[in-house]
Chemist: 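Once you've had a glance at the structure underneath, I'll fire off some questions.
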Amino acid sequence: MEIFERLETLIDAPGAETVNEARSMLRQFESVVTADAIHQFLLDLMTLVFVVDAAPQNYHASVRKLVKVRLAMLKMLGEASA
């Protein structure tokens, strides 16, 4: 799905509007099945944006990996509910 590719792009280059963009994209995708996974993904994405802004470079890869795992889980849920 195109939405997941766009979300992955946001993860690779997080910025000030990253969370708002992701939230906007996921609004159309949200369902009872995916709501919790979406909230977990957004929380981890917010953490990534914070770490990129506040922490040394050596922490970025670990947090980015966590967010990508959450995105993969969300993608599996989306495919299962489709």
Side-chain angles (χ1 to χ4, degrees):
M1 291 180 135
E2 182 183 316
I3 189 171
F4 296 109
E5 292 168 5
R6 290 170 45 203
L7 288 169
E8 194 147 347
T9 301
L10 290 177
I11 294 169
D12 291 333
E17 290 297 313
T18 299
V19 176
N20 290 333
E21 290 177 45
R23 188 176 283 126
S24 176
M25 283 187 267
L26 290 169
R27 208 171 272 133
Q28 65 191 359
F29 183 69
E30 191 167 8
S31 70
V32 174
V33 174
T34 60
D36 188 49
I38 287 172
H39 295 298
Q40 290 177 15
F41 169 76
L42 288 173
L43 181 60
D44 287 342
L45 187 59
M46 286 184 249
T47 302
L48 173 63
V49 170
F50 173 78
V51 168
V52 166
D53 286 345
Q57 181 75 23
N58 54 345
Y59 292 106
H60 298 188
S62 299
V63 179
R64 187 170 280 117
K65 183 177 179 180
L66 173 65
V67 178
K68 286 187 178 190
V69 167
R70 293 282 192 193
L71 181 60
M73 290 171 43
L74 181 58
K75 185 175 180 181
M76 287 189 311
L77 277 174
E79 290 172 352
S81 66

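The first residue of the sequence shown is numbered 1, and numbering continues consecutively from there.
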Chemist: Would you name the heavy atoms of Val67 and Asp44 that are closest together and state the gap between them?
Modeler: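 Nearest pair, atom of Val67 first, then Asp44: CG2-O, 3.3 Å.
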Chemist: Just so I know, are the side chains of Glu5 and Thr9 near enough to count as touching, which here means a heavy-atom distance under 4.5 Å?
Modeler: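 Counting from C-beta outward, Glu5 and Thr9 never come under 4.5 Å.
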Chemist: Under 4.5 Å between side-chain heavy atoms, hopping through other hydrophobics if needed: is there a path connecting Phe50 to Leu42?
Modeler: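 Cluster IDs for Phe50 and Leu42 match.
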Chemist: Consider side-chain contact (heavy atoms from CB on, under 4.5 Å). Of Val33, Asp36, Ile38, which one does Leu77 pass it with?
Modeler: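 Exactly one pass, corresponding to Val33.
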Chemist: Which atom names give the shortest non-hydrogen contact between Thr34 and Phe29, and what distance separates them?
Modeler: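 Nearest pair, atom of Thr34 first, then Phe29: OG1-O, 3.5 Å.
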Chemist: State, with a plain yes or no, whether a side-chain heavy atom of Leu74 is found less than 4.5 Å away from one of Phe4.
Modeler: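 Yes; the side chains approach each other to less than 4.5 Å.
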Chemist: Once rounded to the nearest 0.5 Å, what's the spacing between atom CZ of Arg64 and atom OG1 of Thr47?
Modeler: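 Output value for this atom pair is 13.0 Å.
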Chemist: May I have the step-by-step check of salt bridge (charged side-chain N to carboxylate O under 4.0 Å, His left out) for Asp12 and Lys68, ending in yes or no?
Modeler: CA-CA 9 Å; Asp12 291 333; Lys68 286 187 178 190; 2.8 Å; yes
Chemist: Show your reasoning for whether side chain to side chain contact (heavy atoms under 4.5 Å, CB included) applies to Arg23 and Glu30.
Modeler: CA-CA 10 Å; Arg23 188 176 283 126; Glu30 191 167 8; over 6 Å; no
Chemist: Over all heavy atoms of both residues, which pair between Val49 and Pro14 is shortest? Give the atoms and the distance, please.
Modeler: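 Looking at all heavy atoms of both residues, the shortest contact is CG2-CB, 4.0 Å.
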Chemist: Looking at every non-hydrogen atom in both residues, tell me the closest pair between Met25 and Ile3 and how far apart they are.
Modeler: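 Minimum heavy-atom contact is O-CD1, 3.1 Å.
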Chemist: Below 4.5 Å, heavy atoms only, C-beta onward: do His60 and Gln57 meet side chain to side chain?
Modeler: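 Yes, at least one pair of side-chain atoms sits under 4.5 Å.
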Chemist: Identify which one of Leu45, Ile11, Leu66, Leu10 satisfies the side-chain contact (heavy atoms from CB on, under 4.5 Å) criterion when paired with Leu71.
Modeler: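 That would be Ile11.
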Chemist: Quick check: do Leu48 and Thr18 have side-chain heavy atoms less than 4.5 Å from each other?
Modeler: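 Side chain of Leu48 against side chain of Thr18, heavy atoms only: no contact under 4.5 Å found.
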Chemist: Which atom pair, heavy atoms only, marks the closest approach of Phe41 to Ala22?
Modeler: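 Residues Phe41 and Ala22, closest heavy atoms: CE2-CB, 4.3 Å.
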